[in-house]
Amino acid sequence: MLQIFLNERSFEDAVCDRNVAKDRLKALTGAIRAISARSPQFVLNGSCSLAEINLSGNWSLAAIRNDYDCADESIYLKTVQDRFPFGQALTELKGQAFENLEYRIPLNAACGPGTEAIGLGLAHYFDCLALSLTSHDFWRAPLIALTKSALNSEGEVEEQSVVAKNAATEDGISHHADVIVSAPVIESGVQLWQERTALFPHLEFIPRTRAQLEGMPQGHPCLAPVFEKLLGLESAVAAWNRQETNYPVYPFGVNGESRTRRALTAFQDNSGTLRYFEDHAKFTPDEGRIHFILLSEPQRHALIGHVGRKLGIG
C-alpha cells in the first residue's frame, strides 16, 4: 500500500488571514485527492490527526474546514480521516528503527533550519512522498534537502546530504506521478501465490504458506487485508535492504511471540531447517496473523512462515 508522510515542519506557527488558511486547506485537499485518483489505497501518516494540523498559528484545520466555502473539502477529509493512523503512529515508527538515524533540515535552509524532520525523513527512508502545507514557498519544492545522521559500526555519527520527494499541491503530485503507482489488482490467493516473486521481491515464502494463500478464493474477506499487509512488509524490508539500518520501519504494528507460545511458531523453511517465526503482524477479520523472520543472506529479506488465523486457535 502506498505510504504518504505529512511534513510536520510545514505546519505553520505564524498567524495569517483566515482566507490564507483556507487556501492552504484547499491546496492540501487537492493534493490528497490527486493521490487518491492515482492510488485509491494509500495510508496518510502524520504526527497528529488531520483535524489537529495547524494551518497557521491562529487557525487549525478543524477551525477552518466547516466554513461554508470549504464544505467540499470538509466532506472529503472526513473520509480520509478513517485511513489516517492517529496518535502515536510516527512515534512508534521512529522508535523501532530511528534510534540510530535522524533527519534534519539543513542549517542554511529558508525554513526550519536545523530542526528534526520526521515526515520528510520517513519519506526519504521509504522512497515515498512527503506532503506539505503551502505555508511557505520553500515547502512547494519537489525535492527537499535533508541532513541524514546515522551511527556507523564504530558508534560514530556520520552525516549525509539527501533529498526527500515532496509535494504541496495537485500540480506537485503530478510531478511525482512515477512514485504514486496503483497496486496491481489481485483477484485470488492463487494469483497472489503465482505472482509473489514479482509483487514481493524482498519476501520469501516457505512451502506451507502456499496452501494458506491459495485457500483464499476471489471475494475472500482476508484476501485484500493480507495483500495490503504483504505490500507494506515488502516496502519496509526493501527500504531496510536499501538503507542498511539496524531494523526495518514497519507501516503497521509488529510484535514478537510470547515465550509460552514460541513453540507454535516453529516451521521448516525451504531447506527443511526448523526456524521460529516469532515476529508477526495482525490483520482482520478472523484474528489473522502473518508470521515472518528477517534474514540477511543472500540479501536482506523477510521469510514468511504463516499466513492465517492466530496460531493455536485453529
Side-chain angles (χ1 to χ4, degrees), residues 1 93 96-97 125-127 153 183-314:
M1 181 180 294
L93 291 174
Q96 289 183 9
Y125 184 89
F126 277 115
D127 194 22
S153 57
V185 176
I186 295 296
E187 297 183 346
S188 70
V190 171
Q191 180 190 359
L192 190 59
W193 176 261
Q194 291 175 341
E195 299 180 12
R196 68 192 185 284
T197 303
L199 292 169
F200 317 114
H202 295 87
L203 307 183
E204 185 181 0
F205 296 78
I206 67 173
R208 70 186 302 273
T209 62
R210 177 173 184 171
Q212 294 173 333
L213 292 177
E214 291 187 340
M216 292 183 287
Q218 184 173 10
H220 193 284
C222 292
L223 180 61
V226 165
F227 182 40
E228 291 175 9
K229 276 291 189 294
L230 290 174
L231 284 175
L233 185 59
E234 163 63 28
S235 177
V237 175
W240 175 56
N241 178 59
R242 183 177 63 253
Q243 298 284 344
E244 297 185 353
T245 49
N246 290 337
Y247 305 101
V249 178
Y250 301 110
F252 41 69
V254 170
N255 301 303
E257 198 59 85
S258 65
R259 182 174 57 85
T260 57
R261 290 176 46 83
R262 183 172 184 264
L264 294 172
T265 70
F267 308 113
Q268 290 184 344
D269 65 14
N270 295 331
S271 65
T273 301
L274 191 67
R275 294 180 179 273
Y276 291 90
F277 295 79
E278 297 182 61
D279 286 347
H280 60 274
K282 299 179 181 179
F283 65 87
T284 56
D286 208 24
E287 294 192 72
R289 302 289 190 273
I290 297 176
H291 283 255
F292 63 93
I293 57 176
L294 298 174
L295 299 174
S296 298
E297 298 296 337
Q299 67 168 6
R300 287 181 164 186
H301 67 285
L303 183 63
I304 311 300
H306 177 77
V307 182
R309 295 194 72 197
K310 180 180 179 180
L311 293 168
I313 65 171

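Both backbone and side-chain heavy atoms feed into the values below; hydrogens, waters and symmetry mates do not. We number each residue from 1, following the sequence as shown.
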Search all heavy atoms of [X] against all heavy atoms of [Y] and return the closest pair with its distance.
| X | Y | answer |
| --- | --- | --- |
| Gln268 | Ile206 | O-CD1, 3.6 Å |
| Leu294 | Ala302 | CD2-CB, 4.1 Å |
| Glu234 | Leu199 | CG-O, 4.0 Å |
| Pro285 | Pro221 | CD-O, 3.6 Å |
| Val237 | His301 | CG1-CA, 3.6 Å |
| Ala266 | Tyr276 | CB-CE2, 3.6 Å |

| request: Decide side-chain contact (heavy atoms from CB on, under 4.5 Å) for Leu203 and Phe292; before the verdict, give the C-alpha distance in whole Å, the side-chain angles of both, and the deciding distance to 0.1 Å. | output: CA-CA 9 Å; Leu203 307 183; Phe292 63 93; over 6 Å; no

Would a distance-only check, ignoring hydrogens and angles, find a side-chain to backbone donor-acceptor pair under 3.5 Å from [X] to [Y]?
| X | Y | answer |
| --- | --- | --- |
| Glu228 | Phe283 | no |
| Arg208 | Phe267 | no |
| Gln212 | Val307 | yes |
| Ser235 | Gly232 | no |
| Lys229 | Lys282 | yes |
| Arg196 | Trp193 | yes |
| His291 | Phe277 | yes |
| His280 | Asn255 | yes |

Atom pair [atom1]/[atom2] of [X] and [Y] - distance to nearest 0.5 Å:
| X | Y | atom1 | atom2 | value |
| --- | --- | --- | --- | --- |
| Leu213 | Gln194 | CG | CD | 11.5 Å |
| Glu287 | Ile313 | CD | CD1 | 4.0 Å |
| Asp279 | Ile290 | CG | CD1 | 12.5 Å |

| query | Tell me, do Arg261 and Leu311 make a side-chain contact under 4.5 Å, heavy atoms counted? | reply | yes

| field | Derivation of the side-chain contact (heavy atoms from CB on, under 4.5 Å) call for Glu257 and Leu264 | value | CA-CA 9 Å; Glu257 198 59 85; Leu264 294 172; over 6 Å; no

| Tell me the side-chain hydrogen bond (donor to acceptor under 3.5 Å, both in side chains) pairs involving residues 214-223, sequence neighbours left out? |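 Applying side-chain hydrogen bond (donor to acceptor under 3.5 Å, both in side chains) to every pair that reaches into residues 214-223, excluding sequence neighbours, yields Arg210-Glu214.
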
| Which residues satisfy the side chain to side chain contact (heavy atoms under 4.5 Å, CB included) test with Ala211, sequence neighbours excluded? | none

| task | For the residue pair Phe205 and Phe200, categorise the inter-ring angle as parallel (less than 30°), tilted (30 to 60°) or perpendicular (more than 60°). | result | tilted

| message | Apply side-chain contact (heavy atoms from CB on, under 4.5 Å) to residues Val254 and Leu233 and explain how you reach the verdict. | response | CA-CA 10 Å; Val254 170; Leu233 185 59; 5.8 Å; no

| task | Apply side-chain contact (heavy atoms from CB on, under 4.5 Å) to the pair Glu195 and Ile186, showing each step before the final yes or no. | result | CA-CA 9 Å; Glu195 299 180 12; Ile186 295 296; 4.1 Å; yes

